[in-house]
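Accompanying notes for the structure given below.
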Number of protein chains: 2
Amino acid sequence: MEIQELKEQKEGANSRGNDEACCVPTLVEPALGAKQARKAADVFNALADPTRLTILSLIARSERGEACVCDLTASFKMGQPSISHHLKILKDADLIQGDKRGKWVYYSLVVGRDEEIKGLLDTVLKIPVGV
Amino acid sequence: MEIQELKEQKEGANSRGNDEACCVPTLVEPALGAKQARKAADVFNALADPTRLTILSLIARSERGEACVCDLTASFKMGQPSISHHLKILKDADLIQGDKRGKWVYYSLVVGRDEEIKGLLDTVLKIPVGV
DNA sequence: CATTAACATCGAAGATTGTCAATTTGAGTC
DNA sequence: GACTCAAATTGACAATCTTCGATGTTAATG
């Protein structure tokens with residue numbers, strides 16, 4: 001996920017040289033601008049790891065809807081720094097939030113984030129009706 | 001996204017040595033097994049790139065719900081092999097399908113895939129009711 | 001105030017990814 | 001069959017990611 005720039009659409013059509021079109025040259029606008037696409041990709045990137053998905057599901061299904069790092073760490077074979085690393089990625093993507101109480105940090109899901117992500121999916125994958 | 005193995009949950013509780021619990025030691029089962037988590041991560045990984053998101057939205061919003069590689073390529077600054085590479089990743093994730101007609105290949109969205117992905121999100125992020 | 005426990009951060013190793021240039025494949029055309 | 005064009009594949013390289021070991025930070029405790 002890096003630099004990504006749409007070619008400036010000159011003269012409103014595609015720039016094929018020949019006169020034989022492969023299809024109706026429908027250069028539609030993408031649903032997302034470059035910046036929005038990058039931001040959406042970041043969210044999906046946070047979800048693009050089995051450990052992080054498992055962490056999320058463990059938090060979602062835990063008793064009070066929250067879990068401390070020590071319990072999460074105890075659930076995996078990998079070390080505590082790795083879990084902390086994944087938690088940071090999830091937090092940066094605004095999928096979870098941490099609450100420090102005493103010596104422990106309790107992580108919980110950000111409410112409503114699932115619906116926001118579904119909205120992102122609709123933006124990208126939904127075929128617009130009656131345009 | 002690689003090896004990820006849950007620690008075998010021995011004796012039904014967490015393995016903290018001290019008697020002072022950081023929280024109710026609720027070692028719940030994750031919603032996904034290791035294999036399912038890896039598969040789900042692959043899907044989100046396919047979505048975790050701004051170019052690929054833009055490609056998807058271009059296809060979704062194109063006139064007939066399909067777009068040929070040449071038009072997609074014309075929409076980006078990057079080269080044709082890169083677009084082909086991204087299309088392959090989207091195809092491997094079963095997000096799009098290719099249809100070769102004459103010299104051209106037309107890509108379209110796999111119908112219903114959006115709902116399946118939303119189902120994945122629910123599996124991971126939805127807090128179970130009345131357990 | 002020294003110690004311990006929980007968690008975060010840092011630095012490095014190894015794997016994976018995105019891009020390009022070059023080449024190959026495959027269909028249509030002369 | 002030689003040629004052309006669309007698309008896929010290959011190989012290389014830089015950038016990024018995941019993991020680990022070591023260290024730092026902060027809060028409770030003796």
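Everything numeric in this text was worked out from a predicted model, so none of it was measured.
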Out of [options], which has the shortest distance to the side chain of [X]?
{"X": "B:Asp49", "options": "C:dG18, D:dT9, C:dA8", "result": "C:dG18"}
{"X": "A:Ile89", "options": "D:dA8, D:dT18, D:dA6", "result": "D:dT18"}
{"X": "A:Thr51", "options": "D:dT19, C:dG26, C:dC7", "result": "D:dT19"}
{"X": "A:Arg52", "options": "C:dT19, D:dT18, C:dC7", "result": "D:dT18"}
{"X": "B:Val69", "options": "D:dA8, C:dG26, C:dA8", "result": "D:dA8"}
{"X": "B:Lys103", "options": "C:dA8, C:dG28, D:dT19", "result": "C:dG28"}

(request) For B:Lys88 and for A:Gly102, locate the closest nucleotide of DNA chain D by heavy-atom distance; then report the residue assigned to the nucleotide nearer the 5' terminus. (result)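 This one resolves to B:Lys88.
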(request) Using a 4.5 Å cut-off on heavy atoms from C-beta on, say whether the side chain of B:Leu53 contacts that of A:Phe44. (result)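 They are in side-chain contact.
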(message) Counting only side-chain nitrogens and oxygens, does B:Tyr106 get under 4.0 Å of the OP1 or OP2 atom of D:dA6?
(response)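 No, because none of the side-chain N or O atoms of B:Tyr106 sits under 4.0 Å from OP1 or OP2 of D:dA6.
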(message) Is the phosphate of C:dC20 approached by B:Ser82 (side-chain N or O, under 4.0 Å from OP1 or OP2)?
(response)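 Checking C:dC20 against B:Ser82, a side-chain N or O does come within under 4.0 Å of OP1 or OP2.
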(request) Tell me which of B:His85 and B:Pro81 sits closer to the 5' end of DNA chain C, going by the nucleotide each one is nearest to. (result)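 The residue whose closest nucleotide sits nearer the 5' end is B:His85.
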(request) Tell me, with the steps shown, if B:Leu120 and A:Leu47 meet side-chain contact (heavy atoms from CB on, under 4.5 Å). (result) CA-CA 11 Å; B:Leu120 272 183; A:Leu47 295 169; over 6 Å; no
Which pairs would a plain distance check flag for residues 93-100 of chain A, meaning a side-chain donor or acceptor within less than 3.5 Å of a matching protein atom at least two apart in sequence or in another chain?
residue: A:Asp99; atom: OD2; partner: A:Arg101; partner atom: NH1; Å: 2.7

[X] [atom1] - [N] [atom2] separation (whole Å):
{"X": "A:Ile83", "N": "C:dA6", "atom1": "CD1", "atom2": "P", "answer": "15 Å"}
{"X": "B:Ile55", "N": "C:dG18", "atom1": "CD1", "atom2": "C1'", "answer": "12 Å"}
{"X": "A:Trp104", "N": "C:dA8", "atom1": "CH2", "atom2": "P", "answer": "14 Å"}
{"X": "A:Leu90", "N": "C:dA8", "atom1": "CG", "atom2": "P", "answer": "12 Å"}
{"X": "B:Lys100", "N": "D:dA7", "atom1": "NZ", "atom2": "P", "answer": "9 Å"}
{"X": "B:Met78", "N": "D:dA14", "atom1": "CE", "atom2": "P", "answer": "19 Å"}
{"X": "B:Lys77", "N": "C:dT19", "atom1": "NZ", "atom2": "P", "answer": "13 Å"}
{"X": "A:Asp99", "N": "C:dA8", "atom1": "CG", "atom2": "P", "answer": "12 Å"}

(message) Regarding D:dA6, can its base be found pairing with the side chain of B:Gln80 as donor and acceptor, where the two atoms are less than 3.5 Å apart?
(response)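 Flag unset: no donor-acceptor pair detected.
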(message) Strictly distance-based, threshold 3.5 Å: is any side-chain N or O of A:Ser84 a donor or acceptor partner for the main-chain N or O of A:Pro81?
(response)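 Flag not set: sc A:Ser84 to bb A:Pro81 has no pair under 3.5 Å.
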(request) Report, as yes or no, whether the 6.0 Å neighbourhood of atom NZ on B:Lys91 holds more than 12 heavy atoms from other residues, nucleotides or ligands. (result)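 No, the 6.0 Å shell around NZ holds no more than 12 heavy atoms from other groups.
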(message) Is it the case that over 12 heavy atoms from other parts of the model lie below 6.0 angstrom from the NZ atom of B:Lys39?
(response)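 Counting other residues, nucleotides and ligands, NZ of B:Lys39 stays at 12 neighbours or fewer.
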(request) Report which part of the nucleic acid A:His86 touches: base, sugar-phosphate, or nothing (heavy-atom distance under 4.0 Å, all strands). (result)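 Sugar-phosphate, no base atom in range.
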(message) Does B:Arg101 reach a base, just sugar-phosphate, or nothing at all? Heavy atoms under 4.0 Å.
(response)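 Since no nucleic acid heavy atom lies under 4.0 Å of B:Arg101, the category is nothing.
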